[in-house]
Number of protein chains: 2
Amino acid sequence: MRRGLEFKKKARIIIVDDNYDHLSGIKELIEIESDFDVVATATSASVAISLIKKYRPEIVLMDINMPEKDGLTAIAEIEKLDLGVRTIALTGYDDPDLIFRAMKIGAKGYILKTMASAQLIYAIDEVASGKIYLPATLSSRFFEYFQKSFKEETQTVNDEENLLNYLTQREEEVLDLLTQGITYKGVAQKLFISETTVKTHVNNIFQKLQVNDRTQAVLYALNNGFLNRRKVKIAI
Amino acid sequence: MRRGLEFKKKARIIIVDDNYDHLSGIKELIEIESDFDVVATATSASVAISLIKKYRPEIVLMDINMPEKDGLTAIAEIEKLDLGVRTIALTGYDDPDLIFRAMKIGAKGYILKTMASAQLIYAIDEVASGKIYLPATLSSRFFEYFQKSFKEETQTVNDEENLLNYLTQREEEVLDLLTQGITYKGVAQKLFISETTVKTHVNNIFQKLQVNDRTQAVLYALNNGFLNRRKVKIAI
DNA sequence: TGAAATATTAACCACATGGTCTAGATTCAA
DNA sequence: TTGAATCTAGACCATGTGGTTAATATTTCA
């Protein structure tokens with residue numbers, strides 16, 4: 001009914017919800033209000049997984065209310081299968097942490113059960129057409145959480161308190177090699193200097209970073225933004 | 001004109017754009033189409049910063065077209081001032097990486113210059129009222145990029161290839177302490193075992209992780225999801 | 001120019017670390 | 001109950017590591 005492009009193949013959907021009433025409610029809603037094809041339903045994550053392997057739907061509506069873990073890990077597992085299945089998280093909570101984790105593990109949408117049914121249909125439509133859909137209100141929540149996490153992160157790495165800023169360029173080079181687990185001898189060879197020189201640098205680094213050994217130095221470097229420029233990575 | 005709550009104080013705005021034509025264009029637009037108060041404009045980031053310190057606006061519209069760096073770092077600096085100024089990034093590019101970085105450093109909105117003027121006004125309105133605003137299309141882009149980053153991250157941590165999975169529980173405990181830069185003696189004391197036993201464990205760990213020393217072991221652990229559960233952190 | 005910071009090397013020493021082998025105690029699943 | 005895995009521990013040895021002091025060359029900046 002509400003689909004924009006009639007010539008497109010009907011998206012096949014699997015719905016997962018541990019509450020059977022909700023499940024059939026959503027199923028009915030979709031069947032009446034849209035022309036998506038609900039090929040299967042499940043009340044548990046494990047059953048859902050095998051159904052997904054069998055039916056290869058385009059879309060999975062996953063309730064993640066169920067006592068915390070199940071819903072999210074189920075999504076993670078589905079993503080891991082790499083079948084091109086696009087999952088939409090469905091829950092009653094707009095907890096930013098939940099939203100964040102859902103998007104992190106690969107959910108292509110996140111809808112609250114309290115939202116208007118039209119929005120659910122719209123979300124499915126968007127996700128089915130390859131987009132990622134997050135309602136403006138949830139999107140806003142997500143970003144607040146996202147930015148807060150970053151702020152807390154970068155707070156610790158604050159210029160004058162960051163002892164890394166007191167290292168000389170050469171010391172940085174040496175530390176850089178230390179963070180790759182290279183020995184004195186190795187560093188000496190790479191930098192074309194004697195092993196003793198390396199030792200001197202390393203000792204100076206230890207003093208400046210106020211640590212006692214290379215492991216602690218490496219840890220300090222890693223925890224305080226060293227090499228943040230090179231390796232663009234997200235690790236939560 | 002378009003403000004919803006007339007009793008609210010007019011949001012004060014500073015506009016920053018190195019192109020003077022754009023600058024006055026946007027200024028005019030805002031003055032005509034909305035009742036926000038453009039208290040100042042600037043054509044460079046450094047000038048903008050001092051103006052912001054002086055006028056303490058609620059909103060800053062920051063063009064980040066200017067040769068890459070300037071716009072984004074300016075936003076970062078503004079955030080660092082912690083004056084409660086809310087910055088909206090304004091640019092011609094919908095490059096996901098740009099969007100991602102802008103949101104990362106604390107932009108409260110991101111608008112394309114090609115978007116309808118009404119959308120700019122709406123964005124300012126939303127941001128002025130404390131929300132974070134990202135148009136659906138850009139939001140979608142952001143999430144694709146966001147998820148891609150994560151996928152690349154987690155791909156390397158893949159079960160059987162992750163040598164960490166072959167460690168025994170005791171070995172994990174020992175490695176855990178190693179990742180805190182603790183010596184044999186320290187580990188022995190913490191685990192109430194002899195120093196020799198620790199050495200044995202450590203040697204087994206080295207063999208299983210195929211490394212030669214503690215630094216490399218720690219690096220392997222950190223790069224392969226060890227202790228990912230404890231420390232919830234974002235490091236880009 | 002002259003002081004300060006930085007980069008380089010040496011020598012000496014104590015100790016931590018890593019490699020290897022052996023071996024008893026315990027636990028756990030076949 | 002027997003074998004496998006794990007945890008424990010000791011001995012031996014070579015080498016890497018960290019602490020200290022001192023000295024020279026180079027660079028940088030006031």
Side-chain angles (χ1 to χ4, degrees), chain A residues 159-227 229, chain B residues 159-227 229:
Chain A
D159 285 6
E160 291 160 50
E161 288 162 31
N162 189 343
L163 302 176
L164 288 174
N165 293 331
Y166 299 114
L167 296 183
T168 68
Q169 196 183 338
R170 199 56 160 175
E171 285 162 357
E172 280 188 5
E173 292 180 60
V174 174
L175 180 55
D176 180 29
L177 295 174
L178 287 193
T179 61
Q180 295 170 42
I182 304 181
T183 63
Y184 285 148
K185 201 174 292 184
V187 175
Q189 285 172 2
K190 293 227 173 197
L191 298 184
F192 303 106
I193 54 180
S194 90
E195 212 173 320
T196 346
T197 308
V198 178
K199 286 175 65 173
T200 308
H201 285 311
V202 171
N203 274 311
N204 290 335
I205 292 171
F206 289 169
Q207 295 218 337
K208 290 189 181 179
L209 301 188
Q210 296 166 22
V211 299
N212 303 310
D213 55 57
R214 44 208 307 123
T215 308
Q216 289 177 8
V218 169
L219 288 173
Y220 187 93
L222 263 45
N223 286 328
N224 291 84
F226 200 66
L227 59 76
R229 276 120 230 142
Chain B
D159 286 7
E160 291 161 52
E161 287 162 30
N162 190 343
L163 301 176
L164 288 174
N165 293 332
Y166 298 113
L167 297 183
T168 68
Q169 195 181 342
R170 199 56 160 174
E171 285 162 356
E172 280 188 5
E173 291 180 60
V174 173
L175 180 55
D176 181 28
L177 295 174
L178 287 192
T179 61
Q180 296 172 41
I182 303 180
T183 63
Y184 283 149
K185 200 174 294 184
V187 175
Q189 283 173 3
K190 293 226 174 201
L191 299 183
F192 303 105
I193 53 179
S194 90
E195 212 173 318
T196 349
T197 308
V198 178
K199 287 176 63 174
T200 309
H201 285 312
V202 171
N203 274 309
N204 290 334
I205 292 172
F206 289 168
Q207 296 219 337
K208 290 189 180 178
L209 300 188
Q210 296 166 21
V211 298
N212 303 312
D213 55 56
R214 44 207 307 125
T215 307
Q216 289 177 8
V218 169
L219 288 172
Y220 187 94
L222 263 44
N223 286 328
N224 291 83
F226 200 67
L227 60 75
R229 277 122 229 137

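Chain letters run A, B, ... following the sequence lines, proteins first and then strands; every chain starts at 1.
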Between [X] ([atom1]) and [N] ([atom2]), how many Å, whole number?
| X | N | atom1 | atom2 | result |
| --- | --- | --- | --- | --- |
| Tyr184(A) | dT17(D) | OH | C1' | 5 Å |
| Glu172(A) | dA7(C) | CD | P | 10 Å |
| Asn204(B) | dA5(D) | CG | P | 13 Å |
| Phe192(B) | dT8(D) | CZ | P | 12 Å |
| Asn203(A) | dC15(C) | CG | P | 17 Å |
| Glu173(B) | dT6(D) | CD | P | 14 Å |
| Arg214(A) | dG16(D) | CZ | P | 11 Å |
| Arg170(A) | dT26(D) | CZ | P | 15 Å |

Selection from [options] that lies nearest to any side-chain heavy atom of [X]:
| X | options | answer |
| --- | --- | --- |
| Val202(B) | dG10(D), dG18(C), dT8(D) | dG18(C) |
| Thr168(A) | dT6(C), dC7(D), dG10(D) | dT6(C) |
| Gln207(A) | dT20(D), dT20(C), dA9(D) | dT20(D) |
| Phe206(A) | dT9(C), dG18(D), dG16(D) | dG18(D) |
| Lys199(B) | dA9(D), dC12(D), dG19(D) | dC12(D) |
| Asp213(B) | dT8(D), dT9(C), dG18(C) | dG18(C) |

Subject >> Thr197(B) side chain near dA9(D) phosphate (N/O to OP1/OP2, under 4.0 Å) >> reply: yes
Original post:
Can you check whether Ser194(B) has a side-chain N or O nearer than 4.0 Å to OP1 or OP2 of dG10(D)?
Top reply: yes
Original post:
Can any side-chain N or O of Arg214(A) pair as donor or acceptor with the backbone N or O of Ile182(A) at less than 3.5 Å?
Top reply: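 Side chain of Arg214(A) to backbone of Ile182(A), a donor-acceptor pair under 3.5 Å: yes, one is there.
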Original post:
Is the base of dT9(C) touched by the side chain of Thr200(A) through a donor-acceptor pair closer than 3.5 angstrom?
Top reply: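 Yes.
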**OP:** Scan Thr196(B) against the nucleic acid and name what it touches under 4.0 Å (heavy atoms): base, sugar-phosphate only, or nothing.
**Re:**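 The residue Thr196(B) makes base contact.
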Original post:
Is Thr183(A) touching bases, backbone alone, or none of the nucleic acid, heavy atoms closer than 4.0 Å?
Top reply: sugar-phosphate
**OP:** To the nearest 0.5 Å, tell me how far Asp176(B) CG sits from Thr179(B) OG1.
**Re:** 4.5 Å
Subject >> Rounded distance (nearest 0.5 Å) linking atom OG1 of Thr183(B) with atom CD of Glu195(B) >> reply: 7.0 Å
Original post:
At their closest point, which heavy atom of Tyr184(B) faces which heavy atom of Val198(B), and how far apart are they?
Top reply: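 Closest approach of Tyr184(B) to Val198(B): CD2-CG1, 3.8 Å.
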Original post:
What heavy-atom pair brings Glu171(B) and Ile205(B) nearest, and what distance separates the two atoms?
Top reply: O-CD1, 3.3 Å
Please produce a list of atom pairs where a protein N or O lies less than 3.5 Å from an N or O of nucleotides 24-26 of chain C.
none

Original post:
Going by heavy atoms in the side chains, are Tyr166(B) and Leu163(B) under 4.5 Å from each other?
Top reply: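 Contact flag for Tyr166(B)/Leu163(B) side chains = yes.
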Original post:
Can you check whether Leu209(B) reaches Leu175(B) side chain to side chain, under 4.5 Å on heavy atoms?
Top reply: yes
Original post:
Between Leu191(B), Thr200(B), Asn204(B), Thr168(B), which is the residue that forms a side chain to side chain contact (heavy atoms under 4.5 Å, CB included) with Val174(B)?
Top reply: Leu191(B)
